[in-house]
Amino acid sequence: MTVNKAVIPAAGMGTRFLPATKSMPKEMLPIIDKPVLQYVIEEAVACGITDILVVTGRGKRAIENHFDYNPELEAFLKANGKEDLIDRVRSIADLANIHYVRQKEQRGLGDAIALAHDHVGEEPFAVLLGDTIIQPHDGEQPGLRQLLNVYEKLQGSVVAVHRVPEQWVSRYGIVDGSPLNGNDDLLDLKQLVEKPPVDRAPTNLAIAGRYVFNHQIFDCLKHTGRGVGGEIQLTDAMNLLAGEQKMYALAWQARRFDIGNRLEYVRCFIDFALKREDIADEIRKHIEVLLHV
Ligand code: UTP
C-alpha cells in the first residue's frame with residue numbers, strides 16, 4: 001500500500017515559546033520568510049503526499065489564511081508593480097488538499113492524532129509534527145521519504161529516530177529494538193519509553209518527529225489513557241501497536257530542528273540563513289564581526 005495522506009498536529013499550547021505563542025501558533029513562527037508549517041507541508045508534498053489534515057487549536061485562522069488565496073493581497077501586489085510576488089503567495093494555497101480538524105482541549109499528541117481517524121479511515125498515513133523541521137543530510141532524500149521507503153518495503157509502521165548525547169535522553173521519547181538483518185540504522189522496534197531517566201534509557205535513539213502508521217494505531221489510541229504529564233501520549237499507543245504487529249525505527253540521514261524549543265529555533269534560523277544565497281554572505285560577515293573572527 002502507498003501512503004497518500006498525512007496528519008500534522010499543530011494544536012499545542014507552545015508554552016516554551018511564550019509570549020510569542022500567546023495569540024499565534026508556534027507552527028506559524030517564521031524561519032527567514034516562511035512559517036515553520038509551510039516547510040513541513042512542503043516536505044510532505046515533496047514526498048508524494050496529496051492530502052493533508054492539520055490539527056489546529058488556537059490561531060486556527062492564521063493557519064487557514066496562510067494556506068488559502070488572498071485576492072486583496074494579490075490585487076495590492078499587482079497595483080504596486082510587484083507581480084513577481086503574486087505567484088509566490090498564490091502557490092502556497094495549491095500545495096495540496098489541506099483539511100482541518102480542531103482539537104478543543106489540549107490533551108496531548110496522542111489525542112490530536114486520534115482526531116484524524118474519521119479523515120484517514122483504514123489507510124496507512126504519515127504524521128509530521130508541525131513544530132519540527134527536518135533537514136536531510138547533503139544528497140539525501142527528504143526526511144519523510146526516507147521513512148516511506150521503509151514502509152513501502154516492509155508494510156509496517158515506522159518511526160524516525162536520531163542519536164542524541166546520552167545526557168539528553170530524558171528530554172525525548174526513546175526507542176528500544178534490535179538491528180534488522182544486521183543493519184544498525186533500521187531496528188525491529190520492541191518498545192518506546194517517554195523521557196526516561198538517563199540510567200533507565202534502553203538506547204540513545206530519540207523519536208524525531210516523523211512517523212508512518214498503519215490504521216490500527218487508532219484502535220491503540222482508543223485504549224490509551226492519560227500518561228506522562230497527564231497527556232494522552234502517542235508513544236503509549238505505539239507501545240500497544242508494537243505488541244500487536246511489526247514496527248520499525250529508522251535512524252535516518254537527516255537533522256531535526258524542534259522549533260518549539262527556543263535554542264533549536266535560533267539554531268534553525270541561523271542554519272537556514274547561512275544556506276540562503278540572497279543573505280548568506282551578509283549574515284556570515286555579521287557573525288564574524290560579532291565574534292571578532
Ligand atoms: P509539543 O509537546 O512539543 O507541543 O507537541 P506543546 O505542548 O505545544 O509544547 P510546550 O511544551 O507547551 O511548549 C509536539 C507537536 O504536537 C502538537 C504540537 O502543536 C506540536 O506540533 N500537539 C501537542 C497537539 O497538536 N496537541 C496537543 O494536545 C499537544
Side-chain angles (χ1 to χ4, degrees), residues 6-31 35-44 52-64 66-67 98-120 125-134 143-144 159-162 164 168 170-174 192-195 206-211 213 217-218 221-222 224-238 256-268:
V7 177
I8 303 184
M13 294 298 268
T15 53
R16 288 169 295 163
F17 229 118
L18 283 167
T21 47
K22 185 178 171 196
S23 63
M24 180 182 67
K26 63 180 160 181
E27 290 78 4
M28 291 303 288
L29 289 167
I31 298 292
V36 169
L37 188 56
Q38 189 178 333
Y39 288 94
V40 176
I41 289 183
E42 285 175 353
E43 178 192 339
I52 293 173
L53 180 73
V54 183
V55 184
T56 60
R58 298 148 308 105
K60 174 184 157 83
R61 191 171 299 169
I63 295 179
E64 287 190 352
H66 186 75
F67 295 98
I98 305 179
H99 310 267
Y100 301 91
V101 63
R102 180 122 179 176
Q103 187 186 27
K104 295 188 196 119
E105 248 186 291
Q106 275 56 49
R107 302 191 326 145
L109 176 58
D111 180 62
I113 303 303
L115 293 172
H117 193 179
D118 281 350
H119 186 84
V120 169
F125 66 104
V127 171
L128 300 93
L129 296 192
D131 66 350
T132 299
I133 292 183
I134 303 300
L144 180 63
V159 53
V161 293
H162 64 129
V164 296
W168 287 6
S170 58
R171 300 180 196 175
Y172 296 97
I174 299 291
L192 305 102
V193 201
E194 189 61 34
K195 303 189 172 78
I207 297 177
R210 299 288 185 267
Y211 317 73
F213 289 118
I217 190 71
F218 291 120
L221 282 164
K222 271 190 203 137
T224 302
R226 290 185 187 255
V228 173
E231 297 193 337
I232 297 178
Q233 297 286 352
L234 181 59
T235 43
D236 291 343
M238 288 166 71
R256 169 205 194 175
F257 293 104
D258 166 13
I259 62 87
N261 165 317
R262 280 174 292 188
L263 183 59
E264 281 285 286
Y265 177 75
V266 176
R267 280 198 182 120
C268 185

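Whatever order the structure lists them in is the order used to number ligands and atoms, beginning at 1. What you see below is based on every heavy atom in this structure, not just the backbone, and it leaves out hydrogens, waters and symmetry mates.
For the residue pair T235 and L192, the shortest heavy atom distance occurs at O-CD1, 4.2 Å. Heavy atoms only, all atoms of each residue included: F218 and I113 are closest at CE2-O, 3.3 Å.
You'll find the side chain of L128 reaches within 4.5 Å of the side chain of E43, heavy atoms only. Under the 4.5 Å side-chain criterion, counting only non-hydrogen atoms from C-beta, V36 is in contact with I31. In this structure, the side chains of E264 and I259 stay at 4.5 Å or more apart for every pair of heavy atoms.
Nearest-residue assignment for atom 26 (N) of ligand 1 (options Q103, E231, E105; heavy-atom criterion): Q103.
Contact check on E64 versus R61 returns no salt bridge, with no Lys/Arg side-chain nitrogen under 4.0 Å from an Asp/Glu carboxylate oxygen. Between D258 and R16 a salt bridge is recorded (basic side-chain N to carboxylate O distance below 4.0 Å).
Listed by atom number, the atoms of ligand 1 under 4.0 Å from K26 heavy atoms are 1 (P), 3 (O), 4 (O), 6 (P), 8 (O), 9 (O). Heavy-atom contacts of G130 reach the following atoms of ligand 1: 21 (O) (cutoff under 4.0 Å). Taking every heavy atom of G14 and a limit of under 4.0 angstrom, the matching atoms of ligand 1 come to 6 (P), 8 (O), 12 (O), 13 (O).
Here A11 has heavy atoms under 4.0 Å from ligand 1 in both its backbone and its side chain. Contacts between V55 and ligand 1 below 4.0 angstrom, taking non-hydrogen atoms only, are absent altogether.
Rounding to the nearest 0.5 Å gives a distance of 4.5 Å between CD1 of I41 and CD1 of I8.
The N/O atoms of A112, backbone and side chain alike, include none that comes under 3.5 Å of an N/O atom in ligand 1. Close N/O approach between F17 and ligand 1 is not found [any backbone or side-chain N/O within under 3.5 Å]. Between P9 and ligand 1, at least one pair of N/O atoms sits closer than 3.5 Å. Checked against a 3.5 angstrom limit, the closest N/O atoms of G108 and ligand 1 fall inside it. For the pair M13 and ligand 1, the shortest N or O to N or O distance falls below 3.5 Å.
Tested against K26, the residues L18, T21, T15 include a single side chain to side chain contact (heavy atoms under 4.5 Å, CB included) partner, T21.
The protein atom (non-hydrogen) at minimum distance from atom 16 (O) of ligand 1 is L109 CD1, 3.5 Å.
Within a 4.0 Å radius of atom 12 (O) of ligand 1, the protein has at least one heavy atom.
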